[in-house]
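Note sheet for the following structure.
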Number of protein chains: 2
Amino acid sequence: MSDKSMEQTILETAERLFIDRGFSLTSTTDIAKEVGCNQSLINYYFRSKEKLFQTIFKKKALVFLASLREPLEAHIPLQEKIRVMSERHFMTLSENAKLPFFILNEIHTNPERLNVVKTIITDILQQISPSLNEELALEIQEGRMRNTTLFEIFLTMASLNIGVFLFHPVLKNFINKPNDELRTLLLQRSQENTRILLLSLEP
Amino acid sequence: MSDKSMEQTILETAERLFIDRGFSLTSTTDIAKEVGCNQSLINYYFRSKEKLFQTIFKKKALVFLASLREPLEAHIPLQEKIRVMSERHFMTLSENAKLPFFILNEIHTNPERLNVVKTIITDILQQISPSLNEELALEIQEGRMRNTTLFEIFLTMASLNIGVFLFHPVLKNFINKPNDELRTLLLQRSQENTRILLLSLEP
DNA sequence: ATCCTATTTAATAACCTTATTAATAACTAA
DNA sequence: TTAGTTATTAATAAGGTTATTAAATAGGAT
């Protein structure tokens with residue numbers, strides 16, 4: 001039972017509850033009840049509910065954006081890079097299906113949280129945006145791609161990929177299929193989203 | 001001051017606060033404070049916070065899906081119908097930019113709320129789905145459209161259009177432009193989304 | 001065993017919540 | 001004016017929230 005430290009157990013339980021119900025609907029009492037410990041133990045280890053949450057939020061924001069951090073093979077065409085990015089993006093989301101809503105929700109209820117996300121995104125952009133922008137400019141100039149911006153490409157990708165997971169609770173109710181078929185449908189949607197994204201870039 | 005009835009004032013204030021902060025982060029005390037009346041007046045008129053909320057939620061769910069209820073000209077090609085739907089959809093969203101998150105959030109925190117939305121969607125589908133499905137089948141058969149489903153078309157449309165508004169708080173931070181330029185960008189995005197949607201249907 | 005430290009619990013202060021009750025105030029009709 | 005509604009407020013019950021304090025317990029080193 002205590003092969004995992006209490007601190008770790010609290011952290012993991014808090015993670016689960018925060019992601020499921022959000023910051024404001026998760027009380028430290030709930031977490032303690034779930035862990036099976038005294039409520040004050042949470043303050044003992046993490047000082048405050050807010051601090052505990054911040055730890056988790058940062059971590060999850062990183063996971064949420066992880067797919068965009070992974071380096072891309074340098075010598076493949078831009079189109080291929082975008083395909084890889086979109087597929088990776090969708091993959092990370094399938095493995096963390098609850099994150100899109102969680103992140104969006106917490107930013108919405110407390111705009112301060114945006115700073116964490118902003119830092120991560122800015123960081124990523126500094127890494128990849130210069131070279132991608134250059135490649136994009138070339139593709140456009142050579143007439144191999146539509147005149148567009150990295151911003152638009154990311155927005156399309158994010159909208160298509162995140163959409164599936166945000167609407168999941170609603171969609172589930174309109175697709176009366178067993179869970180494993182739903183997973184197949186999900187993978188198909190990754191393909192379809194990538195297809196649409198690339199299509200949108202054609203000149 | 002009391003040219004509007006107290007009941008109406010409470011309703012409108014509750015509407016605003018609920019949409020901004022959600023059900024759980026809006027207390028009846030907050031509403032009363034904002035209205036400038038006693039907290040128990042809210043229960044006097046609406047019996048409970050829950051009932052007050054339900055009234056508002058139903059109304060807003062209808063608005064949220066209103067664009068899909070508007071009838072389509074019967075004799076235009078399916079492609080044109082889809083274009084009109086997408087543009088209308090985006091338009092309703094721009095006029096109710098906070099609704100996508102509001103609806104999604106409330107469904108998430110209380111899945112019971114899904115029933116309201118489900119009823120409305122089922123209703124809409126019964127109205128439009130048979131004829132659209134027939135037209136779609138024909139277009140596919142004649143090789144004028146890719147083999148797809150109404151479900152996928154709606155999912156793509158919703159993802160692209162709703163995405164813009166869900167990410168708005170984040171996007172605003174990365175576009176350092178004045179608000180009126182932002183509005184222009186928004187309209188452009190409607191065009192772009194429609195373009196992508198129709199592109200995705202080409203054979 | 002004892003002391004020391006780290007962990008855990010119990011008790012509680014100082015809030016904030018919603019719904020109910022009873023007491024006023026305002027208005028309306030006879 | 002008076003009686004009867006309707007609208008509004010004050011007071012409060014019953015519960016929930018987080019953070020703090022002090023007390024209890026456990027484990028290890030001496």
Side-chain angles (χ1 to χ4, degrees), chain A residues 1-60 102 105-106 108-113 116, chain B residues 1-60 102 105-106 108-113 116:
Chain A
M1 185 154 247
S2 68
D3 51 344
K4 240 182 275 174
S5 77
M6 198 86 252
E7 187 176 354
Q8 186 62 14
T9 311
I10 290 173
L11 193 69
E12 284 168 17
T13 306
E15 209 167 288
R16 184 163 48 79
L17 294 188
F18 277 144
I19 288 175
D20 277 353
R21 315 178 190 167
F23 176 80
S24 62
L25 286 176
T26 306
S27 71
T28 52
T29 313
D30 288 341
I31 299 170
K33 221 175 272 166
E34 194 91 3
V35 169
C37 73
N38 194 282
Q39 180 262 335
S40 36
L41 206 56
I42 291 161
N43 289 304
Y44 173 72
Y45 280 118
F46 299 94
R47 195 157 267 39
S48 73
K49 182 188 172 186
E50 171 66 25
K51 285 234 169 65
L52 167 60
F53 181 81
Q54 278 174 15
T55 313
I56 292 167
F57 186 74
K58 260 177 220 162
K59 194 165 117 189
K60 292 302 166 183
F102 171 69
N105 185 26
E106 300 305 339
H108 184 266
T109 30
N110 183 355
E112 292 271 305
R113 312 256 184 247
V116 175
Chain B
M1 182 156 250
S2 68
D3 51 344
K4 238 182 275 174
S5 77
M6 198 87 257
E7 187 176 355
Q8 187 62 15
T9 312
I10 290 173
L11 194 68
E12 283 168 18
T13 306
E15 211 167 287
R16 184 162 46 80
L17 294 188
F18 277 144
I19 288 175
D20 276 353
R21 315 179 190 166
F23 176 79
S24 62
L25 286 176
T26 307
S27 73
T28 52
T29 313
D30 288 341
I31 299 170
K33 219 175 275 165
E34 193 91 4
V35 170
C37 73
N38 194 282
Q39 180 261 338
S40 36
L41 206 56
I42 291 162
N43 290 303
Y44 173 73
Y45 281 118
F46 299 94
R47 195 155 267 44
S48 71
K49 182 188 172 186
E50 171 66 25
K51 286 233 169 64
L52 168 58
F53 181 81
Q54 277 173 16
T55 312
I56 292 168
F57 185 74
K58 261 177 219 161
K59 196 165 117 191
K60 291 303 166 182
F102 172 69
N105 184 26
E106 299 305 338
H108 185 267
T109 27
N110 183 355
E112 292 272 305
R113 311 255 185 248
V116 175

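Bear in mind the structure is a predicted one, so any value in this text is a computation, not a measurement. Numbered from 1 within each chain, the chains take letters A, B, ... in sequence-line order.
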Name all residues meeting the side chain to side chain donor-acceptor pair (under 3.5 Å) criterion together with A:Lys59; count only those two or more places apart in sequence or in a different chain, and write none if there are none.
A:Glu15

Using a strict heavy-atom distance below 4.0 Å, which residues from residues 14-23 of chain A are in contact with DNA chain D?
none

Would you grab the first and last nucleotide of DNA chain D (5' to 3') that comes under 4.0 Å of any non-hydrogen atom in chain B?
D:dT6 to D:dA10

Taking C-beta and beyond as the side chain, do B:Leu52 and B:Thr28 meet within less than 4.5 Å on heavy atoms?
no

Those residues at least two apart in sequence (or on a different chain) that pass side chain to side chain donor-acceptor pair (under 3.5 Å) with A:Gln54 are A:Glu50

Kindly write out the residues that satisfy side chain to side chain contact (heavy atoms under 4.5 Å, CB included) with A:Asn43, not counting sequence neighbours, or none if the list is empty.
A:Gln39

According to salt bridge (Lys or Arg N to Asp or Glu O under 4.0 Å), does anything in residues 19-31 of chain A pair up with another residue at least two apart or in another chain? List the pairs.
A:Asp20-A:Lys98, A:Arg21-A:Asp30

Applying side chain to side chain donor-acceptor pair (under 3.5 Å), can you list everything that pairs with A:Arg47, at least two apart in sequence or on another chain?
none

Residue closer to the 5' end of DNA chain D, B:Met6 versus A:Thr28 (nearest nucleotide)
B:Met6

Restricting to side chain to side chain donor-acceptor pair (under 3.5 Å), what partner residues turn up for A:Lys49, sequence neighbours left out?
none

Those residues that, when tested against B:Glu12, pass side chain to side chain contact (heavy atoms under 4.5 Å, CB included) (two or more places apart)
B:Lys4, B:Gln8

Sorted by chain and residue number, the salt bridge (charged side-chain N to carboxylate O under 4.0 Å, His left out) partners of A:Lys51 (sequence neighbours excluded) come out as none

Quick one: side chain to side chain contact (heavy atoms under 4.5 Å, CB included) partners of A:Ser40, sequence neighbours excluded?
A:Asn38

Enumerate the residues from residues 31-60 of chain A whose closest heavy atom to DNA chain D is under 4.0 Å, giving them by residue number; use none for an empty result.
A:Gln39, A:Ser40, A:Asn43, A:Ser48, A:Lys49

